[in-house]
Amino acid sequence: MTDIRLEIDGAIATIVLDGPRTRNALDTRALGELRAAVDRVTAAAGTLDTAGRVRVLVLRGEGSVFCAGRDIAAVDVDRDDAHAFLTEHFGPVFESLRALPIPVIAQVQGAALGLGFGLAAAADLVYAAADAKFGSPFAALGAVLDSGAHRYFLDAFGYHRTMDLILTGELLTGTDAAAAGLVSRALPAAQLAERVTATAARLAAGPARASAMEKAYTQEAFDQRPPVAQVLAAEARLQEAARTTADYREGFTAFQGRRRPEFTGR
């Protein structure tokens, strides 16, 4: 059984998948708890226009594994509704993580398989141990790739390599995933937690409204693939919106005065 733990320390929230005995595998109860935890972070994060108390979320797993995917130990195959599980239980968690107006960092050690990969993919930054494992065991189960992985694999690897990974069930190391752009960075496992902590602190001290605008538009561009002219126009609108913030003014003033900026999230 995997429990979900939410910790808030100042501007940094951490959601922990706490079920090391099951390799942090997730069932409907755990996904419900995870959605509730994300909702609490959402309430503490404010909105796109108004920064809240929490300004960064870290998502990690307890123990040696990030998340081994769905907990299928007690699944009754004949009665199971895979469609409902994905659309009613996993999908809302994925979408709520992406919708957060703050940066989300996934700290991935060990395996991120199936749903585990999907949770990591919903984050904005994915920092992985070099020896982490990404992919899906579905080839051995007679199931198909899910949790959004088709989109992310095709973007990173193209058609033929994606089909090879799906049909053979081969897993990627963190190093391989970072080289392909599937994750942000691969780090020695011993340095992973320290690097995530430092990055979270750096982002929490950054310009929150600009980060929120950047996240929202980058997701839109990723989802819709707009033409370059449309991107240029959107960037111009966003830059003018950023210019009206106190953090923009502070950033420019600090640069001109050769000092470190002190952002307030306004």
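Along the sequence shown, residues carry numbers from 1.
- Closest approach of Leu26 to Phe85, counting heavy atoms only: O-CZ, 4.0 Å.
- You'll find the side chain of Glu170 reaches within 4.5 Å of the side chain of Asp164, heavy atoms only.
- Cluster annotation: Leu31 and Leu17 are assigned to the same hydrophobic cluster (Ile/Leu/Val/Met/Phe/Trp/Tyr, side-chain heavy-atom contacts under 4.5 Å, transitive).
- No more than 12 heavy atoms of other residues, nucleotides or ligands shown are found within 6.0 angstrom of CD1 on Ile72.
- Interatomic distance, Met213 CE to Arg237 CZ, rounded to the nearest 0.5 Å: 12.5 Å.
- For the pair Asp71 and Arg29, the salt-bridge criterion is not met [side-chain N within less than 4.0 Å of a carboxylate O].
- No path of Ile, Leu, Val, Met, Phe, Trp and Tyr side chains, each step under 4.5 Å between heavy atoms, connects Leu57 with Val196, placing them in separate hydrophobic clusters.
- Contact between Pro226 and Tyr217 at its shortest, heavy atoms only, is CG-OH, 4.0 Å.
- Classification of the Phe153-Phe157 ring pair by plane angle, with boundaries at 30° and 60°, yields perpendicular.
- Distance CZ/Arg209 to OG1/Thr264: 9.5 Å, rounded to 0.5 Å.
- Leu97 and Val41 end up in the same hydrophobic cluster when Ile, Leu, Val, Met, Phe, Trp and Tyr side chains are linked at under 4.5 Å.
- A salt bridge links Lys215 to Asp124: one of the charged nitrogens lies within less than 4.0 Å of a carboxylate oxygen.
- Residues Leu125 and Ser184 share a closest heavy-atom pair of CA-OG, 3.4 Å.
- The 12-atom threshold is exceeded at CZ of Arg151, counting heavy atoms of other residues, nucleotides or ligands nearer than 6.0 Å.
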What do the steps show when you test Arg70 against Asp146 for salt bridge (Lys or Arg N to Asp or Glu O under 4.0 Å), and what is the final call? CA-CA 11 Å; Arg70 183 183 181 185; Asp146 62 23; over 6 Å; no

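- Taking 4.5 Å as the limit, some side-chain heavy atom of Gln239 sits within range of a side-chain heavy atom of Tyr248.
- Under the 4.5 Å side-chain contact rule for hydrophobic residues, Leu115 and Tyr152 share a cluster.
- In this structure the side chain of Leu203 reaches within 4.5 angstrom of the side chain of Ile105, judged on heavy atoms.
- With respect to the salt-bridge test (charged N to carboxylate O, under 4.0 angstrom), the residues Glu7 and Arg5 qualify.
- Among the candidates Val104, Val38, Leu119, the single residue satisfying the side chain to side chain contact (heavy atoms under 4.5 Å, CB included) test with Ile15 is Val38.
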Run the side-chain contact (heavy atoms from CB on, under 4.5 Å) check on Val108 and Val183 step by step: do they pass? CA-CA 10 Å; Val108 179; Val183 304; over 6 Å; no

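- In the hydrophobic clustering of this structure, Leu34 does not group with Val58; members are Ile, Leu, Val, Met, Phe, Trp, Tyr whose side-chain heavy atoms approach within less than 4.5 Å, directly or through other members.
- Arg161 contributes atom CZ, which lies 13.0 Å from atom CG of Leu154 (distance to the nearest 0.5 angstrom).
- What you find for Ala13 and Val54 is that their closest heavy atoms are CB-CG1, 3.7 Å.
- A donor-acceptor contact shorter than 3.5 Å links the side chain of Thr2 to the backbone of Ala25.
- The shortest side-chain heavy-atom distance between Leu113 and Leu171 falls under the 4.5 Å cut-off.
- No side-chain heavy atom of Gln109 sits less than 4.5 Å from a side-chain heavy atom of Asp131.
- Within a 6.0 Å sphere centred on CZ of Arg40, other residues, nucleotides and ligands contribute 12 heavy atoms or fewer.
- No more than 12 heavy atoms of other residues, nucleotides or ligands lie within 6.0 Å of CG in Asp9, so this atom counts as exposed by the packing criterion.
- Ion pairing between Glu250 and Arg259 holds under the 4.0 Å rule for side-chain N and carboxylate O.
- Heavy-atom minimum distance, Ala204 versus Ala11: CB-CB, 4.0 Å.
- Salt bridge Lys133/Asp176: absent, no basic N to carboxylate O contact under 4.0 Å.
- Residues Ile4 and Val16 form no side-chain contact, since every pair of their non-hydrogen atoms from C-beta on lies 4.5 Å or further apart.
- A cation-pi arrangement, defined by a distance under 6.0 Å to the six-membered ring centre and an angle within 45 degrees of its axis, is present between Arg225 and Phe222.
- Here the CZ atom belonging to Phe263 is positioned 8.5 Å from the OG1 atom belonging to Thr245, to the nearest 0.5 angstrom.
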Kindly indicate, with the supporting measurements, whether the criterion side-chain contact (heavy atoms from CB on, under 4.5 Å) is fulfilled by Thr28 and Phe90. CA-CA 8 Å; Thr28 55; Phe90 175 75; over 6 Å; no

Can you list the steps and then say if Leu100 with Arg98 is a side-chain contact (heavy atoms from CB on, under 4.5 Å)? CA-CA 6 Å; Leu100 277 168; Arg98 291 191 82 219; over 6 Å; no

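- Using modelled atom types, one finds no donor on one side chain facing an acceptor on the other under 3.5 Å when comparing Asp39 with Thr42.
- In this structure, the side chains of Met163 and Tyr159 come closer than 4.5 Å at one or more pairs of heavy atoms.
- In the model, Arg185 has a side-chain atom that pairs as donor or acceptor with a side-chain atom of Tyr127 under 3.5 Å.
- Once rounded to the nearest 0.5 Å, the distance linking CZ of Arg23 with SG of Cys67 reads 9.5 Å.
- Between Leu6 and Ile8, the closest side-chain pair of non-hydrogen atoms falls below 4.5 Å.
- Rounding to the nearest 0.5 Å places OG of Ser136 at 11.5 Å from CG of Leu172.
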Stepwise side-chain contact (heavy atoms from CB on, under 4.5 Å) test for Thr173 and Phe134: CA-CA 6 Å; Thr173 66; Phe134 293 88; over 6 Å; no

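- Glu62 and Pro20 make their closest contact through O-CB, 4.0 Å (heavy atoms, listed as atom of the first residue, atom of the second, distance).
- Annotation: cation-pi geometry not satisfied between Arg60 and Phe66 (NZ/CZ under 6.0 angstrom from ring centroid, within 45° of ring axis).
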